Amino acid sequence: MAVSIPQPKDLETAMRLYYSKSELNTADIKELFGKICNSKISAMKMLVKDKMREKDIASFSAHGVNTKLAYLMWGIDINDVEDRYKKLKKLFA
């Protein structure tokens, strides 16, 4: 299933959620991407849940998806996010 993935709304939120949440729920995903509809969130979560089943990764919640795998599946490179955040901080310090 092809699902278009939006960009995270800001680098700081992307880093905070990645490092503070082992699983992301719908509210976290809305915080990460901003205003997106629930049907898009469901489709994005389904991509991750399918891969979680394939990799035999357990979920702590029926509504959550593994954060590390979600970022990978959604094309969010946390190392790139951190590098860009550091550069922005230097530019505007």
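Because the structure is predicted, anything quoted here is derived from the model rather than measured. Numbering starts at 1 and runs along the sequence shown.
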Trace of the side chain to side chain contact (heavy atoms under 4.5 Å, CB included) decision for Lys68 with Ser22 = CA-CA 7 Å; Lys68 191 173 186 177; Ser22 59; over 6 Å; no
To the nearest 0.5 angstrom, please state how far the [atom1] atom of [X] sits from the [atom2] atom of [Y].
X: Leu32; Y: Leu24; atom1: CG; atom2: CG; result: 7.0 Å
X: Lys89; Y: Leu11; atom1: NZ; atom2: CG; result: 10.5 Å
X: Arg53; Y: Ser59; atom1: CZ; atom2: OG; result: 10.0 Å
X: Arg84; Y: Asp77; atom1: CZ; atom2: CG; result: 8.5 Å

Over all heavy atoms of both residues, which pair between [X] and [Y] is shortest? Give the atoms and the distance, please.
X: Ala43; Y: Val3; value: CB-CG2, 3.8 Å
X: Ala70; Y: Val48; value: CA-CG2, 3.6 Å
X: Ser61; Y: Lys49; value: O-NZ, 4.3 Å

key: Test side chain to side chain contact (heavy atoms under 4.5 Å, CB included) applied to Leu17 and Glu31, step by step   = CA-CA 9 Å; Leu17 288 171; Glu31 183 179 359; 4.1 Å; yes
Between Lys30 and Asn38, a side-chain donor and acceptor under 3.5 Å = yes
inquiry  = Quiz question: by atom type and distance under 3.5 Å, do the side chains of Ser4 and Lys40 form a donor-acceptor pair?
reply    = yes
inquiry  = Under 4.0 Å between a side-chain nitrogen and a carboxylate oxygen: does that hold for Asp83 and Lys87?
reply    =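 The answer is no: the pair does not qualify as a salt bridge.
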ask   = Tell me, which pairs form a ring pair (Phe, Tyr, Trp, His ring centres under 6.0 Å) where one or both residues lie in residues 48-69, sequence neighbours left out?
value =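 Listed by first then second residue: nothing to list.
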key: Pairs involving residues 19-50, ordered by first then second residue, that meet ring pair (Phe, Tyr, Trp, His ring centres under 6.0 Å) (sequence neighbours left out)   = Phe33-Trp74
request  = Test Ile5 against Met73 for side chain to side chain contact (heavy atoms under 4.5 Å, CB included), laying out the working first.
outcome  = CA-CA 9 Å; Ile5 308 297; Met73 297 293 298; over 6 Å; no
ask   = Does Asn66 offer a backbone N or O that forms a donor-acceptor pair with the side chain of Tyr71 under 3.5 Å?
value = no
ask   = Who pairs with Glu23 by salt bridge (charged side-chain N to carboxylate O under 4.0 Å, His left out), at least two apart in sequence or on another chain?
value =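 Scan of Glu23 (salt bridge (charged side-chain N to carboxylate O under 4.0 Å, His left out), adjacent residues dropped) gives none.
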key: Ile29 side chain near Ile36 side chain, heavy-atom distance below 4.5 Å   = yes
query = Could you go step by step and tell me if Thr26 and Lys45 meet the side chain to side chain contact (heavy atoms under 4.5 Å, CB included) rule?
reply = CA-CA 9 Å; Thr26 299; Lys45 285 169 63 174; 3.0 Å; yes
